[in-house]
Amino acid sequence: MTIQARFRTPALLRFASLALVALVTATLAHSEQFSLAGRTIELPSPPGYCKIGQTPGEKKFIDLTSKGTGPSSRILAVFLKCEEVANWRKNGPAESVSASDWLVSAAMLDRDGQLRPVEGTSRKEFVRLLGGAISKDPTIFSRTAGEAQSTLNNLVSGADFKMVGAQVLKADEDALYFLFGTEVRADNGENRRVVGISANTLIKGMRIVYANYRQVRQPQDGNALFGNTSAIVNAAVQANP
């Protein structure tokens with residue numbers, strides 16, 4: 001499935017992603033270093049995805065993504081499937097890119113908009129504390145989703161977005177995972193569903209969020225997203241002992 005250019009669809013909620021592949025067709029493992037609050041972290045790129053940002057359409061997609069995530073994160077990179085990147089660079093570089101599957105990663109900011117490390121807390125403890133905060137106030141995520149939905153509706157012309165579900169999926173020693181869904185009504189009247197998995201983790205004291213989004217026709221089509229996202233998180237954790 002493909003989100004057509006006319007939808008001008010940003011990557012939903014407040015997330016975004018890591019490194020790069022030098023060539024559009026490349027799928028080999030690659031890592032990129034990021035300097036965050038005086039700390040250097042290494043983030044391996046996801047196999048099969050290519051970093052976007054070269055063409056006007058790609059930059060527009062990233063800009064919409066950044067606006068959609070709001071002031072709570074700093075986007076590191078946005079990735080699309082390499083074959084889709086190659087197609088859009090060839091056929092529609094000036095248009096807003098479309099994607100059936102996209103991946104984003106971000107560094108989370110403090111309430112005042114600053115990027116600060118979390119000191120004296122292990123990754124495992126961070127996941128536990130975050131899960132505990134959400135269990136005490138389950139509306140935290142729904143309020144966040146509602147704010148994101150309002151932002152998207154203001155940004156996107158020709159499409160109507162409706163959040164249809166968001167919940168904590170799993171917690172392990174690497175990350176706290178969320179599952180969320182969104183319905184998109186396109187300007188042609190077609191209903192489309194986007195499912196996403198986001199992972200909140202701590203890498204060298206920096207709060208990193210990954211999110212993998214996919215348009216789906218059947219609910220089971222999104223089942224592979226968790227495995228894909230957890231593999232990316234695990235690679236990032238292993239690369240930063």
[Y] backbone acceptor or donor facing [X] side chain under 3.5 Å:
| X | Y | answer |
| --- | --- | --- |
| Asn200 | Val209 | no |
| Glu84 | Ser100 | yes |
| Asp112 | Gln114 | yes |

message = Run the side-chain contact (heavy atoms from CB on, under 4.5 Å) test on Glu58 and Val85 for me, step by step, so that the C-alpha distance in whole Å, both residues' side-chain angles and the decisive distance to 0.1 Å come before the verdict.
response = CA-CA 9 Å; Glu58 294 168 24; Val85 176; 4.3 Å; yes

Over all heavy atoms of both residues, which pair between [X] and [Y] is shortest? Give the atoms and the distance, please.
| X | Y | answer |
| --- | --- | --- |
| Gly53 | Ile62 | CA-CD1, 3.7 Å |
| Glu173 | Lys124 | OE2-NZ, 3.8 Å |
| Ala171 | Leu176 | CB-CD1, 3.5 Å |
| Ser73 | Ala106 | CB-CB, 3.7 Å |
| Ile197 | Phe226 | CG1-N, 3.8 Å |
| Ile52 | Phe61 | CD1-CD2, 3.8 Å |

Rounded to the nearest 0.5 Å, how far does [atom2] of [Y] lie from [atom1] of [X]?
| X | Y | atom1 | atom2 | answer |
| --- | --- | --- | --- | --- |
| Asp174 | Arg123 | CG | CZ | 6.0 Å |
| Arg207 | Arg74 | CZ | CZ | 12.0 Å |
| Asp172 | Thr201 | CG | OG1 | 8.5 Å |
| Arg39 | Met206 | CZ | CE | 7.0 Å |
| Glu125 | Leu202 | CD | CG | 11.0 Å |
| Ile203 | Ile41 | CD1 | CD1 | 5.5 Å |

request  = Step by step, work out the side-chain contact (heavy atoms from CB on, under 4.5 Å) result for Tyr213 and Val195.
outcome  = CA-CA 6 Å; Tyr213 304 88; Val195 64; over 6 Å; no

task = Go through the steps to decide whether Phe79 and Ile232 satisfy the test side-chain contact (heavy atoms from CB on, under 4.5 Å), and finish with yes or no.
result = CA-CA 13 Å; Phe79 287 83; Ile232 293 168; over 6 Å; no

Lys51/Ser45 under side-chain contact (heavy atoms from CB on, under 4.5 Å): CA gap, chis, key distance, verdict = CA-CA 9 Å; Lys51 182 181 178 182; Ser45 62; over 6 Å; no

ask   = Considering the options Thr40, Leu76, Ile208, which one meets the side-chain contact (heavy atoms from CB on, under 4.5 Å) requirement together with Phe34?
value =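 Result: among Thr40, Leu76, Ile208, Leu76 is the only option passing the side-chain contact (heavy atoms from CB on, under 4.5 Å) with Phe34.
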
